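Below is one structure, written out as structure tokens; comments come after it.
Heavy-atom basis, side chains included; hydrogens, waters and symmetry copies ignored. Predicted model, so just to flag it, every value in this text is computed and none were measured.
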Amino acid sequence: MAAVDPLERLTNLVALLLETPRPLSIDDIADALVGQYPDDRTARRGAFERDKRLLRDEGVPIELTPGDKGGTRYHIDKERYELPDLGLTEAEAQALALAVATINLGTTAGSNALAKLDTTEPGGGPIAMLGASDVLPALFAAQTMRASVTFSYRDVMRTVDPYGLLARDGFWYLIGHDHASDAQRTYRLDRFDGADITVGEPTTFELPAGFDPSAALPADPKLLGDDEVVVAEIRVDRARASAVVTELGSDSVSARHYDGSVIVRVPVRNRVALRSWVLGLGEHAVVLGPPALRDDVIAWLKALARD
């Protein structure tokens with residue numbers, strides 16, 4: 001039997017036992033989860049008992065039922081597993097989502113319990129698991145009250161109608177209408193000049209019709225932020241060249257070499273996202289320039305190697 005990721009098997013087991021219309025025997029489970037449990041019956045029972053114990057330790061209510069012809073059958077009681085509707089208002093649900101996103105409980109059981117609350121964005125997954133920001137509570141309160149906020153951002157005082165708050169790739173962003181420029185702008189919370197925020201009178205603005213905070217940020221994490229755009233030159237070898245060109249588009253290619261490698265030009269605002277992207281290509285990619293960006297990636301890789 002090929003090696004199966006234990007987390008994938010546990011996830012599939014939970015899904016199967018939740019949705020089955022009747023309790024299942026261990027053999028039924030193995031037949032349904034093809035290739036995920038051993039063929040040998042003794043080894044199969046041992047693997048299942050380990051999985052059952054792990055899930056029960058995490059609070060998953062696996063129920064046992066006697067079989068018609070002997071043996072034991074298993075299922076998960078949905079009523080015990082799923083939380084009832086809590087009857088939260090929209091503001092309460094947003095506050096709970098914010099708490100889930102900003103407080104790391106430090107335990108798997110606690111995280112799983114919060115995940116059952118389904119405090120998610122429409123059409124998306126959980127917002128994030130991030131460290132708390134000093135400015136986040138005041139901004140969230142202002143957003144809820146529809147009150148303008150005034151704060152210092154990169155040494156400039158700004159007054160903004162806070163349309164929405166969004167977590168993306170490790171950072172929180174405020175999206176709102178900037179009074180000085182009379183345009184929608186995005187601000188990264190860790191770049192505020194301190195936590196001194198003035199909240200104005202409530203109900204002083206309305207959200208634009210159809211406002212979607214996720215649409216305010218680029219889909220490409222390498223372009224997130226408000227830094228100046230730097231164009232990185234990256235050499236990608238033959239093994240990954242086709243996939244990278246497909247991802248970035250043929251216009252990104254500045255050179256093709258006889259060995260099948262290419263040099264691509266990649267616009268970058270977010271250096272953290274670029275480093276992660278390059279790391280995902282492993283030994284198949286090398287940052288050629290600009291020199292400051294290349295030095296930044298090299299220093300980061302050396303720090304990883306030391307750790």
Would you say that more than 12 heavy atoms from the other residues, nucleotides or ligands in this model lie under 6.0 Å from the [atom1] of [X], or not?
{"X": "Asp196", "atom1": "CG", "result": "no"}
{"X": "Arg41", "atom1": "CZ", "result": "no"}
{"X": "Arg146", "atom1": "CZ", "result": "yes"}

Rounded distance [0.5 Å steps], [atom1] in [X] versus [atom2] in [Y]:
{"X": "Thr11", "Y": "Leu16", "atom1": "OG1", "atom2": "CG", "value": "12.5 Å"}
{"X": "Leu165", "Y": "Ile175", "atom1": "CG", "atom2": "CD1", "value": "7.0 Å"}
{"X": "Arg191", "Y": "Tyr173", "atom1": "CZ", "atom2": "OH", "value": "7.5 Å"}
{"X": "Tyr37", "Y": "Asp51", "atom1": "OH", "atom2": "CG", "value": "3.5 Å"}
{"X": "Leu64", "Y": "Lys52", "atom1": "CG", "atom2": "NZ", "value": "5.0 Å"}
{"X": "Leu55", "Y": "Ile62", "atom1": "CG", "atom2": "CD1", "value": "4.5 Å"}

Less than 4.5 Å apart, side chain to side chain, heavy atoms only: is that true for [X] and [Y]?
{"X": "Leu274", "Y": "Leu293", "value": "yes"}
{"X": "Pro66", "Y": "Thr72", "value": "no"}
{"X": "Ile26", "Y": "Tyr74", "value": "yes"}
{"X": "Leu13", "Y": "Gln36", "value": "no"}
{"X": "Arg238", "Y": "Asp259", "value": "no"}
{"X": "Gln143", "Y": "Val149", "value": "no"}
{"X": "Phe205", "Y": "His177", "value": "no"}
{"X": "Ser252", "Y": "Arg265", "value": "no"}

For a quick test of reading the model, state the closest non-hydrogen atom pair linking [X] to [Y] and the distance between them.
{"X": "Gln184", "Y": "Phe211", "value": "OE1-CE1, 3.9 Å"}
{"X": "Ala147", "Y": "Pro162", "value": "O-CD, 3.1 Å"}
{"X": "Asp27", "Y": "Arg44", "value": "OD1-NH1, 2.8 Å"}
{"X": "Val229", "Y": "Pro267", "value": "CG1-CB, 3.9 Å"}
{"X": "Ala232", "Y": "Pro290", "value": "CA-CD, 4.0 Å"}
{"X": "Glu201", "Y": "Thr204", "value": "O-CG2, 3.0 Å"}

Would you say [X] and [Y] are hydrophobically clustered, going by side-chain heavy atoms of ILVMFWY under 4.5 Å?
{"X": "Phe140", "Y": "Ile197", "answer": "yes"}
{"X": "Ile263", "Y": "Leu248", "answer": "no"}
{"X": "Val14", "Y": "Leu17", "answer": "yes"}
{"X": "Val286", "Y": "Ile298", "answer": "no"}
{"X": "Leu174", "Y": "Met157", "answer": "no"}

Subject >> Flag for Ser261-Arg235: side-chain donor and acceptor within less than 3.5 Å >> reply: yes

Subject >> salt_bridge(Arg45, Glu49) N-O dist < 4.0 Å >> reply: yes

Subject >> Verdict with supporting geometry, His75 and Thr65, side-chain contact (heavy atoms from CB on, under 4.5 Å) >> reply: CA-CA 8 Å; His75 73 285; Thr65 304; 3.8 Å; yes

Report all side-chain donor-acceptor pairs from residues 240-247 shorter than 3.5 Å, counting only partners two or more places apart or in another chain.
unit_1 : atom_1 : unit_2 : atom_2 : d
Thr246 : OG1    : Ser242 : O      : 2.9
Glu247 : OE1    : Trp277 : NE1    : 3.4
Glu247 : OE2    : Trp277 : NE1    : 3.0

Do any N or O atoms from the side chain of [X] and from the backbone of [Y] form a donor-acceptor pair under 3.5 angstrom?
{"X": "Asp193", "Y": "Arg154", "answer": "yes"}
{"X": "Arg294", "Y": "Val287", "answer": "yes"}
{"X": "Ser25", "Y": "Asp28", "answer": "yes"}

**OP:** Could you check whether the rings of Phe151 and Tyr153 sit parallel, tilted or perpendicular, using 30° and 60° as the cut-offs?
**Re:** perpendicular

